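To start, the structure under review is shown below, and the notes come after it.
The first residue in the sequence is number 1, and the count goes up from there. Just the heavy atoms: all of them, side chains too, but no hydrogens, waters or symmetry mates, feed the values below. Values in this document were obtained by computation on a predicted structure and should not be read as measured data.
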Amino acid sequence: MRIGILGTGSLATALATGWSRAGHHITVGGRSPDKATALADTVGGHVRPVPDVAADADAVLLAVSWSGVPDMLRAAGPLDGVPLIDPTNAVDHGVGVLHASPAEHIAATVPGAHVVKAFHLFPSGVWTDPRDSTVTVVMCGDDQRALSVVGTLVTDVGGAPVVLGGLARARQLEEVAGFVIGLAFSGVDPRSAVPSAP
Ligand SMILES: NC(=O)c1ccc[n+]([C@@H]2O[C@H](COP(=O)([O-])OP(=O)(O)OC[C@H]3O[C@@H](n4cnc5c(N)ncnc54)[C@H](OP(=O)(O)O)[C@@H]3O)[C@@H](O)[C@H]2O)c1
């Protein structure tokens, strides 16, 4: 697939690395052209200005800080018809209080995009480290094709995709992030917080 990555931080790097290893084509856009170039070079991908990242993408990852989501969505444009992966968390790390539902906000901001909540529960390193157990990636979304595309991308980084339900249930998943991150801060393996997929 052709995957657009919006953002150049830890999660963008980890998933771009994993998807590149799986044979996907990566296009990176970020507010810092230097960081976008560095990430693209690292994964053997390409750089584009943010408004062009979704142009011919099969899926786009919105890997920016919650506070940067409005700016990035404004720059990225309408994203109509694009499976848009939302891994963002608007929680206080270590405390777990959810300040807003990112998925609801994103879906309202770019209503033409097919938002899929996914990849928000576990530390980014999970997606590049070989492990002896499969990570369950619970997803929410309203578009079946987008869920199928993202499910493939979950599998390609060693995860097991499971659909909880439509985007109206994303808030339940986002609350789980506060719980899981809180456990991780206490030294508990965060993978143990989510049931294993069959
Ligand atoms: N890292 C993880 O383990 C993990 C796991 C699950 C979910 N997440 C979620 O994934 C998202 C990214 O996390 P991360 O750890 O990759 O963060 P990060 O390493 O701090 O990177 C944040 C990214 O957001 C960009 N950004 C911030 N404000 C922006 C703005 N106003 N306009 C455009 N871009 C902006 C940053 O650009 P600059 O570099 O130019 O500042 C950077 O590319 C977050 O929402 C986080 O909650 C992260």
### Query
Listed by chain and number, what are the side-chain hydrogen bond (donor to acceptor under 3.5 Å, both in side chains) partners of R169, not counting sequence neighbours?
Q172

### Task
Only pairs at least two apart or in different chains count here, so list each side-chain hydrogen bond (donor to acceptor under 3.5 Å, both in side chains) that has a residue in residues 110-120.
D86-K117, K117-E174

Looking only at non-hydrogen atoms, find the nearest pair between [X] and [Y] and report the distance.
| X | Y | value |
| --- | --- | --- |
| P190 | F122 | O-CE2, 3.4 Å |
| P161 | G151 | CG-O, 3.6 Å |
| G158 | T134 | O-CG2, 3.4 Å |
| V116 | A146 | CG2-CB, 3.9 Å |
| A75 | P51 | O-CG, 3.4 Å |
| T8 | G30 | CG2-CA, 4.2 Å |

Any link between [X] and [Y] through a network of hydrophobic side chains (Ile, Leu, Val, Met, Phe, Trp, Tyr) touching at under 4.5 Å?
| X | Y | value |
| --- | --- | --- |
| V135 | V180 | yes |
| V91 | V138 | no |
| L164 | V154 | yes |
| V162 | V176 | no |
| V137 | V149 | yes |

Please check: side-chain N/O of [X] versus main-chain N/O of [Y], any donor-acceptor pairing under 3.5 Å?
| X | Y | answer |
| --- | --- | --- |
| T88 | P102 | no |
| R2 | T27 | no |
| H24 | M1 | yes |
| T136 | A197 | yes |

### All ring pair (Phe, Tyr, Trp, His ring centres under 6.0 Å) counterparts of F119, not counting sequence neighbours
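W19, W127.
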
Pairwise salt bridge (charged side-chain N to carboxylate O under 4.0 Å, His left out) hits with a residue in [range], at least two apart:
| range | result |
| --- | --- |
| residues 64-76 | D71-R74 |
| residues 26-52 | R48-D56 |
| residues 148-168 | none |

Side chains of residues 9-17: which donor-acceptor pairs under 3.5 Å do they make with residues two or more places apart or in other chains?
{"unit_1": "T13", "atom_1": "OG1", "unit_2": "G9", "atom_2": "O", "d": "2.7"}
{"unit_1": "T17", "atom_1": "OG1", "unit_2": "T13", "atom_2": "O", "d": "2.6"}

### For P78, all residues meeting side-chain contact (heavy atoms from CB on, under 4.5 Å), sequence neighbours excluded
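For P78 the side-chain contact (heavy atoms from CB on, under 4.5 Å) partners, ignoring immediate neighbours, are D80.
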
Pairs satisfying ring pair (Phe, Tyr, Trp, His ring centres under 6.0 Å), at least one member in [range], at least two apart:
| range | value |
| --- | --- |
| residues 133-161 | none |
| residues 138-162 | none |
| residues 30-64 | none |

### Query
Is there a side-chain contact between P83 and D143 (heavy atoms, below 4.5 Å)?
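P83 does not reach D143 side chain to side chain.
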
## Note on the structure
CG (L153) and CD1 (I85) are apart, to the nearest 0.5 Å, by 5.5 Å

### Task
Kindly compute the distance separating CG (N89) from CG (L121), expressed to the nearest 0.5 Å.
7.5 Å

### Query
Linking Ile, Leu, Val, Met, Phe, Trp and Tyr through side-chain heavy atoms less than 4.5 Å apart, which residues share a cluster with V82?
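V82 clusters with L6, V50, V53, V60, L62, V64, W66, V69, M72, L73, L79, L84, I106, V110, V115, L167.
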
